[in-house]
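Notes follow the structure.
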2 protein chains.
Amino acid sequence: MAKVLVIEDERDLQQVLTYNLRQAGHDAISAERGVEGLRLARSEAPDLVLLDLMLPDLAGTEVCRSLKEDVTTRAIPVVMLTARGEEIDRVVGFELGADDYIVKPFSVRELLLRIQAILRRASAPSDRPPAEASIEFGCLRIDRDAHRVWVDEHEIELTALEFRLLVTLYERRNRVQTRSALLDDVWGIQADITTRTVDTHVKRLREKLEGARDYVETVRGVGYRFKGSPDEASA
Amino acid sequence: MAKVLVIEDERDLQQVLTYNLRQAGHDAISAERGVEGLRLARSEAPDLVLLDLMLPDLAGTEVCRSLKEDVTTRAIPVVMLTARGEEIDRVVGFELGADDYIVKPFSVRELLLRIQAILRRASAPSDRPPAEASIEFGCLRIDRDAHRVWVDEHEIELTALEFRLLVTLYERRNRVQTRSALLDDVWGIQADITTRTVDTHVKRLREKLEGARDYVETVRGVGYRFKGSPDEASA
DNA sequence: TGTCTGTGTGACGAAACGGTGACGACGTCG
DNA sequence: CGACGTCGTCACCGTTTCGTCACACAGACA
């Protein structure tokens, strides 16, 4: 399906990862050190990189930065692995350009799902316009780059989390997102969060959305859905 | 019906299981230890493995892992049995590749129902196209992603349960679904539900379906059936 | 036609679900 | 250090949804 480069020094974990990736039909290659990983990333042109943050030589963050600085590897999605102890601020990971972020111990199943999602997002940029930087939707305007949102020409202040929640819902408009799907996509996979937390943040988001609050619909017993415009819905 | 391998060291429980499996028309073989179980799994090619998590020699988790690593046994569905005390995180079970998961004490009937469901799922994965996201059928339109349903261009509001019931019936259109089959597929695995409950929900569904209500037919003495279009029916 | 079994229907109590406000933990910044 | 902002969790409450029951009704069969 796709070629995945695993950069991970712990042998056991590396084995588990490559094994499961191959099980899932992927092509897996691996490196134990950062420099080797960078080399492979350039020569093998993987579709995705799984990167441990703790490596013997280079810090994972450095590897990530390098990957994102190099023109030949810049476009490759990076998924970071971090132990629970070393919890970086999630934002730092995304700042470095990581596309996703997983805290150990994680479930292999969930990891694979995430990889699928990222590959899908990366591989099919054609059927869905590759994330517009600026979104205009009814009375709502979102500037992704600037992380700013306006409702009826008047700016509202969202936290980073609320912003991600809004954008995620918007990107999947007209599709119900279950709470766990949202936890995956917005929070980043950590299952140690109550699903009710999603509700709370939806509430906070709605409050701030004021006149645009009705775009976020509740689907009882299932999850939440961003209401697309009528014509889009029927399309 | 199917060949089931029971790997369970407690004699009593093993007896009960094999007895009931045979009662239900299955072919049951059993092992008391993990290694023996693995051997039988390879030589007997069962259709399903019932695996206790607590075994005298190997841990059930190890057995499961081995089953899933071996090419010849990989495809066999595994159902895990665990005592309530040893509650594993459910995710761990699925990580190991278990297909289902039952906590003791369980009702034999429930176990059998689960086994049925898994066998049904495993036996016919290919004959049916992977579920269309949008369904158009006569005056009925179903959008699975959005969880919305229209009858004659006019949207109707279904509860989550009603939606699942409708989709399930539709997916198996032209085939009668017994009440217990529906309980399995729509309700999940709550065996503690009266079959009459199905009737009630069919009634509620029909009410909301208005002009499309006749798609849901009653087959007296058997169950319910979604009436496919005439040409499909004869196909 | 009468009986018997199986299904439709309406009502009711219990449980589940989601919205909401409050609280404490944590990190940041002045 | 204290004030502030953000986030995760919890408890409460109104509403919806669900499961069950009793009874009416319909089809099968003699």
Side-chain angles (χ1 to χ4, degrees), chain A residues 84-95 101 103 147 149 156-166 168-169 176-184 186-210 213-226, chain B residues 110 147 149 156-166 168-169 176-180 182-210 213-225:
Chain A
R84 189 183 294 278
E86 51 188 353
E87 308 242 19
I88 298 187
D89 187 321
R90 179 170 290 117
V91 180
V92 174
F94 287 115
E95 254 169 42
Y101 189 97
V103 178
H147 258 242
V149 179
I156 61 175
E157 306 280 335
L158 298 184
T159 68
L161 189 56
E162 287 157 1
F163 186 83
R164 301 234 302 152
L165 177 58
L166 174 61
T168 302
L169 284 169
V176 179
Q177 301 295 301
T178 64
R179 289 173 175 73
S180 66
L182 288 171
L183 282 178
D184 259 23
V186 177
W187 275 257
I189 214 164
Q190 249 338 61
D192 59 352
I193 287 183
T194 313
T195 54
R196 293 297 260 120
T197 298
V198 178
D199 300 43
T200 302
H201 284 277
V202 166
K203 178 215 166 219
R204 289 172 182 163
L205 176 60
R206 278 175 173 157
E207 263 171 13
K208 297 191 181 175
L209 281 179
E210 304 164 6
R213 66 175 293 149
D214 290 342
Y215 285 133
V216 180
E217 296 180 311
T218 303
V219 182
R220 196 172 222 274
V222 188
Y224 294 97
R225 174 181 60 200
F226 191 99
Chain B
E110 180 186 327
H147 251 249
V149 179
I156 61 175
E157 307 278 336
L158 299 184
T159 69
L161 188 58
E162 287 157 1
F163 186 85
R164 253 179 292 150
L165 177 58
L166 174 61
T168 303
L169 284 169
V176 183
Q177 300 297 300
T178 65
R179 289 174 175 73
S180 66
L182 288 171
L183 281 178
D184 259 23
D185 294 331
V186 177
W187 276 255
I189 300 140
Q190 311 277 345
D192 54 353
I193 287 182
T194 312
T195 53
R196 285 314 302 280
T197 299
V198 178
D199 300 41
T200 302
H201 284 278
V202 166
K203 178 218 165 214
R204 289 173 182 160
L205 177 60
R206 278 175 173 156
E207 263 172 14
K208 296 191 181 175
L209 281 180
E210 304 165 5
R213 67 174 292 148
D214 291 342
Y215 286 133
V216 180
E217 296 181 312
T218 303
V219 181
R220 198 184 164 80
V222 189
Y224 296 96
R225 174 178 57 198

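Each chain gets a letter, A, B and so on, in the order its sequence line appears, and its residues count up from 1.
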Specify the separation, in whole Å, of atom [atom1] of [X] and atom [atom2] of [N].
| X | N | atom1 | atom2 | answer |
| --- | --- | --- | --- | --- |
| Trp187(B) | dA16(C) | CH2 | C1' | 16 Å |
| Arg164(B) | dT17(D) | CZ | P | 13 Å |
| Arg213(B) | dT7(C) | CZ | C1' | 13 Å |
| Tyr224(A) | dC17(C) | OH | P | 12 Å |
| Glu207(B) | dT17(D) | CD | C1' | 14 Å |
| Leu183(B) | dC18(D) | CG | C1' | 13 Å |
| Leu205(A) | dT6(D) | CG | C1' | 15 Å |
| Glu162(B) | dA16(C) | CD | P | 18 Å |

Measure up the Trp187(B) and His201(B) rings against each other and bin them: parallel (under 30°), tilted (30 to 60°), perpendicular (over 60°). perpendicular

Does Thr194(A) reach the main-chain N or O of Thr197(A) with its side chain, forming a donor-acceptor pair under 3.5 Å?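 It does not hold such a pair.
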
So, Lys208(B) side chain and Glu157(B) main chain: donor-acceptor pair closer than 3.5 Å or not? yes

Does dT7(C) have OP1 or OP2 under 4.0 Å away from a side-chain N or O of Thr218(B)?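 Answer is no, no contact under 4.0 Å.
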
Can you find a donor-acceptor N/O pair under 3.5 angstrom joining the side chain of Arg204(A) to the base of dG8(D)? yes

Can you list, in residue-number order, the parts of residues 196-203 of chain B that come under 4.0 Å of DNA chain D, counting heavy atoms only? Thr197(B), Thr200(B), His201(B)

Non-hydrogen atoms of Thr195(B) and Leu183(B) that approach each other most closely: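 Shortest heavy-atom contact: CG2-CD1, 4.1 Å.
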
Heavy-atom pair of closest approach, residues Phe226(A) and Leu169(A):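 Smallest heavy-atom distance, with atoms named: CB-O, 3.3 Å.
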
Nucleotide N/O of nucleotides 27-30 of chain D paired with protein N/O under 3.5 Å:
none

Under the side chain to side chain contact (heavy atoms under 4.5 Å, CB included) criterion, do Val198(B) and Tyr224(B) qualify, and how do the steps go? CA-CA 10 Å; Val198(B) 178; Tyr224(B) 296 96; 4.1 Å; yes

Output side-chain donor-acceptor pairs under 3.5 Å for residues 215-222 of chain B, partner residues at least two apart or in another chain, one line each.
| from | atom 1 | to | atom 2 | distance (Å) |
| --- | --- | --- | --- | --- |
| Glu217(B) | OE1 | Arg225(B) | NE | 3.1 |
| Glu217(B) | OE1 | Arg225(B) | NH2 | 3.2 |
| Thr218(B) | OG1 | Arg206(B) | NH2 | 2.7 |

With a 4.0 Å cut-off on N to O distance, would you call Glu207(A) and Arg213(A) a salt bridge? no

Arg164(B) and Asp185(B) ion-paired at < 4.0 Å: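 Not counted as a salt bridge, because no side-chain N and carboxylate O are separated by less than 4.0 Å.
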
Among dG18(C), dA11(C), dG19(C), which nucleotide has an atom closest to any side-chain atom of Arg179(A)?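 That would be dG18(C).
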
Testing dG19(C), dG19(D), dC7(D) for proximity to the side chain of Thr159(A), the answer is dC7(D)

Quick one: on DNA chain D, does Lys208(A) or Thr195(A) contact a more 5' nucleotide (nearest heavy atom)?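 Nearest-nucleotide comparison on DNA chain D picks Lys208(A).
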
Heavy atoms only, 4.0 Å cut-off, all strands: where does Arg206(B) land among base, sugar-phosphate and nothing?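 Contact class for Arg206(B): sugar-phosphate only.
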
